[in-house]
Amino acid sequence: MNIQSRLDDDADSGRFKAPSGPIEQVRYACALGALASVIAIEGAISITHCGPGCASKQFRALSGVSGYQGGEFHAPSTNIGNREVIFGGADRLDELISSTLKVMEAELYVVQSGCIPGLVGDDVANVVNAYQRRGVPIVFAETLGYRGNNFTGHETVVRAILDQYVAQQAGSAPQTRKGLVNVWSLLPYQNPFWRGDLAEIRRILEGIGLEVNILFGPASLGLEEWRAIPAAELNLVLTPWLGLSLARRLESVYGQPFLHVPAIPIGARATGAFLRQVAEAVEADPARVERFIAREEREYYHYLRDFAGFYSGCASQYKLPSEINIVSESAYALAIAKFFVGDLGLNPGVFVLTENPPDSEQAAIRAAFRDLAPGVDGEPIFEPDGHRAHDWIARRPRIGEYPILFGSTWEGSTAGEIGAPLVEISYPATDEVVLARSYVGYRGALQLLEHAYTAVVRQSTEENPEPSAS
Amino acid sequence: MAINLRTSQAETREQRLGTITQWEGGARELARDSAFTYGCGRDCGPGGRRLCEQSSPYSQASMCAEQIAVTNATIIKDTVVIQHSPIGCASSQSFTSRYSRDLAARRGWKPEDPKSICTNLGEQDMVFGGVDRLADTIRQAYERHHPRVIFVATSCATGIIGDDIDETTRQLEDEIGIPVVPLHCEGFKSRHWSSGWDVIEHAILRRLAPNRPHEKRDDLLNVIHLGGPDVFSPLLNPLGLQVNLVMGGNSLERLADLSTAAATVTMCFVLSYLATGLEQEYGVPEIRAPLPYGLDATDNWLREIARVTRREHLVEAVIASERARIAPELERLREALKGKKGFVAAGAAFAHGLIADLRELGVTVDDAFSFHHDPMTDSKDPRQDSLGHLVQTTGDVEHFTVSPDQHFQAHAALKRANPDFVICRHSGSIAVLAGRMGIPVLPIFYSNDGLGYEGLLTIGRAILRVLPRRRFYQDVAAHSRFPYQQWWLEETNPYALAAETDAQAGLSEA
C-alpha cells in the first residue's frame, strides 16, 4: 500500500503562522480541535495522542457552550503524563490504538497528535503505518496545537482521510457519476448553524437535480459519501478559503474540476444566482433548475412581501438598523454582509474576520467583500483578538446610523456600548440553543430575518420600556 | 509532609496524598486500604493492604489540572489570567466566561466577561522560547485592563520547552508594580485534574493571603467552596459568625482576610490544601469534622465549628430549630423517593457527601463512581476520611468505581447499577451518558446544593424535578446507540479490560 506522505507537496504546516500578538476572547480552537470535524462524520472516531485535557477542552469549547450543539464525544486519548513526556509516548499510543479497536466500533479511525508528541518527537506515523499495513481503516493527521488552528487542522484531517482512506479503497477507480458534487463549506461545530446550513445546501442542490456528498453532519450519509468522493463530477468550495487546498488536491489526484463560490448564498437573489452557476458547471438541465428556483422564489417572496410591512415601518417605534457590523469567521461574515447590504439595503460598517486565515488567501478574501451591492464595498479587517475587534467597532464614527452587530457572545458589551442589537452568529454563541436552525439558502434567509429583527424589537423594547398600563 | 510554600510549584496530589485514579471494588475495602496506605495512624484493622491502582489500556479524553487552576483564577475579580500556551489551551475561555457570568447572577455581582488572555504561542516560540511573548503579554494585560493581580498559567508546551516563568513574572512584577503570580499547572504533570485546585490555592497562600496577625476576628469563618450561591450565611449567622466565602469566585479582599479568621472550613476535602496551609502558616484552625451531608453529620459539623469558635452555648438551639424547620418537607421527600435507587458520580469527598445525602433521603445507593480517590488529606487527620466516615455511618457501597471520568467505564457501571436516576458533578461526561442510556440525570452545577439541612431539601426537590424526564431520555435511548463493540455494550465490569490485560501479562510471565 502506498501511503502518501502528509508533507509531500503544499505542506499544510507552512501555511499557518500564529498571529503576532496575544489573543483575548478566543474565537477558535487549536488544530487538535479538528477532532470536531471527525466527530461530524458518522462512523468515524478520532484517537487523540495529547495531554489529558486537550481533546475534551477543544470539543467542549466548540460544541459544549456554543449553541449547545452536543455531539458524540468519547474520544480515545492517551492522556499523556510525565512518563510519556520523558520516555516518549509511541508505545502508549500503540497500546491505545490496539485497545480502541477492541472496544470501539467505527468504520474509520483518525489518529490526531497534539502539542506534546510534536515537542518530544514521537514517531506517530510509524505507529499508525503498522495498523494500515494490517488493513485497519486508520489514518494519521498531525494536528499539533502550536502549528495551527481548527480551520487549518480541519484541512489537515480531511487531507489525511482523502489520502490515506478514500484513495486507498479497494477495487478499480470509481466511475464519474453525472450530477454528483462534493461540497466543502462551513467548518463543523465552529459555526453554530453548520448542521442546518449543510442540510439547506444539500436541499437546494438536490432541488436542481444534483446528487450531493455533503460529508458532515446529520444531513450526510457518513463515510459512504466519503468513499464516493472520487466519483463526483465537481468539487464545490462554498467558503472564502477553507477547503480550497482540498479541492486543488482532488483536482490533481482525480482530475476533478472545482468551482469556488466564496459567499454562501443567503436569500433568493444570491441563492438563485448560485444555483445557476453550479448548474452551468455540471451542465444540469436548465428547465429543471428554473422550475426549482421559481417554486422556491414564489414561497420566499410571499414571506418577504409580508415582512415588508414590518420593514416599511408600520411599527415605526423600532429603530430599524441602517448599518451592519460583523465579527465572525470569514464565511459567515461574507455571506451575511452580502445579504444585509445587497438585499436589505444596510450600509456596511465594520467587518472583523476572526479566524486568522493564511496570508496567501487574504487578498482574495478582501476582494470578495467588494461590490456587496453594486458600487458598495466592504473593507474587512483581519483580527483574531477580541480586544482590538472591540476597538474597531466601538471607535468607528457614526453619524445618524443605527448599527446592528452580528457576532459572538463576546460582542455583548460592544453591542451595548454602541447601542446595537446583537445577533449571535459566530463562535462562541453561548446565548443560543441551536439544533437544526439554518441561516442560508432560501429557508435559512427567512430564519435569519426572524432572529435579526426579533433582536431589534427586543432591544428597542428594553431600551424604551412601555409605561405600565394604567 | 507539610505544605511547602517556599517554591512556586505545588506538589501534585499523587506525591502528597497518594491519589489514585483507577480502582474498582467495595467502598469499605477502599476505605480500609486507604487507611493502610495512610500509615495506620488510625484503626486499620486486620487485612488491609496497600492501595493497588488498576491500569486500563484503553482510555478516553479526560480533563487537566490547568483547566481547574485557570478557571478558578479567572473568576477572582480584578485580575487578568494569562494562559502562556498555544491557542487551544485558551479555548476554555468561552465556557469559563459563561460560568463566570452565571456565577455573578447567582451571587448578585455585575455580570461581565472575565479577563483572560492567551500568549498564543506558535511554532517559532516552541523553537526559540516564549518568554518574550509572555513579557509583552503581561504588559499588554496591564495596559488593557489595569488589574490588581495578574496570574500566569503554564501549559504542557511551555513546560516542555522550559520557559522560565518564575523569572519572567518576577521581572514584570518589578516593572509594572502589581503581583504577577505564576500558576504551574502543566496538564501532563499530574494524573488528576484536581491537582489544579492545589495550584490555585498554593498561589493564593503564597501571594494573596498576607499574614495579618493583629487583625484577628473571632466572628469570621473562612468557608472554602467549589463555587455557587452562599448557602452558608443562613446557617452560620445565627451562631454569630460571618462567612468569608472564598474560591469559586471572590474578591481579592476576601483572600486578604483569610489569615484574620477564627477558623476555616472546607466544603469539599478535595480542596482542603488552602485550609491546611492557613493553619500551618497562620495558625487559623482548620475544622476537621466530617462534611455536613445528612442530618447527624451537619449537627456534628456545626458543633465542631461552635467548639472551635467558642459558641457552644448557641449551637444546640440552631440545630433544633433547623431540624424542626425542614422536618415536614423532609418527610414528604422521603415518602416521594421511597424505593428509588440512585447512582452517584462525582469527585472523591463530594461523591461521598452526595451518597450520604441520598441515603438520608431514603434513596438506595449501591453504586458510585468517583473521579479520583485521595487516601488521605493534607492535614492527615483521620476525621477528614470522608469515605471511611460514610461507610461507618451509612454502610458499604457495594460497587465503588474510581475512574477519571471515563465514558466507557461509566457505561459499564451504569449498566450494572440500572438506577432510577443519576446524580453527578456537572463537568463529566456522565450526565450525557446517563441521559442517552434512558436514565434521568441530575447534574450538580453548584456543588453547595447538597450541604447542610437545606441541602437535603434542595437535592430532594431537584431529583423529583428530573424523574419525569425519563420519558424523554428513554425515547432518545431507543433511537440511538453508542459506538462500542457489542461485547462492551453488554459489559458490566468497568475494569474488565484491565483485568484481561493483567491476565495476559500474568500468562506471558508464567
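Throughout, a chain's letter reflects where its sequence line sits, starting with A, and its residues are numbered from 1. For the numbers below, each heavy atom of this structure counts, side chains included, while hydrogens, waters and symmetry mates do not. All values derive from a computational prediction rather than experimental measurement.
Panel note: side chain B:Q485, backbone A:V103; no donor-acceptor pair is recorded below 3.5 Å.
Here B:H407 is the residue among B:H407, B:R436, B:K189 with the most heavy-atom pairs under 4.5 Å with chain A. Top candidate by heavy-atom pairs under 4.5 Å with chain A, chosen from B:Q486, B:R101, B:E66, B:Q83, is B:R101. Interface remark: of the candidates B:S92, B:S59, B:S56, B:S85, B:S59 forms the most heavy-atom pairs closer than 4.5 Å to chain A. When B:H145, B:R191, B:E186 are compared by the number of non-hydrogen pairs under 4.5 Å with chain A, B:H145 comes out ahead. Contact tally against chain A (heavy-atom pairs below 4.5 Å) for B:C89, B:G159, B:S480: the top residue is B:C89.
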CA sep, side-chain torsions, deciding dist, call: A:S98, B:Y58, side-chain hydrogen bond (donor to acceptor under 3.5 Å, both in side chains): CA-CA 8 Å; A:S98 145; B:Y58 181 63; over 6 Å; no
Trace of the side-chain hydrogen bond (donor to acceptor under 3.5 Å, both in side chains) decision for A:Q58 with B:S91: CA-CA 6 Å; A:Q58 302 318 304; B:S91 64; 3.3 Å; yes
Report the C-alpha separation of B:D125 and A:Y146 in whole Å, then their side-chain angles, then the decisive distance to 0.1 Å, and conclude whether the side chain to side chain contact (heavy atoms under 4.5 Å, CB included) test is met. CA-CA 9 Å; B:D125 306 302; A:Y146 54 81; over 6 Å; no
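Classification of the B:Y484-A:H74 ring pair by plane angle, with boundaries at 30° and 60°, yields tilted.
Of the inter-residue distances, the one linking B:W193 atom CH2 with A:N79 atom CG reads 10.0 Å to the nearest 0.5 angstrom.
Shown here for B:A61 and A:A55, the closest heavy-atom pair between the two residues is CB-CB, 3.7 Å. Nearest heavy-atom pair, A:P22 versus B:D136, reported as atom, atom and distance to 0.1 Å: CD-OD2, 4.3 Å. Of all heavy-atom pairs spanning B:P57 and A:S99, the tightest one is O-OG, 3.2 Å.
Between B:P483 and A:I45, the closest side-chain pair of non-hydrogen atoms falls below 4.5 Å.
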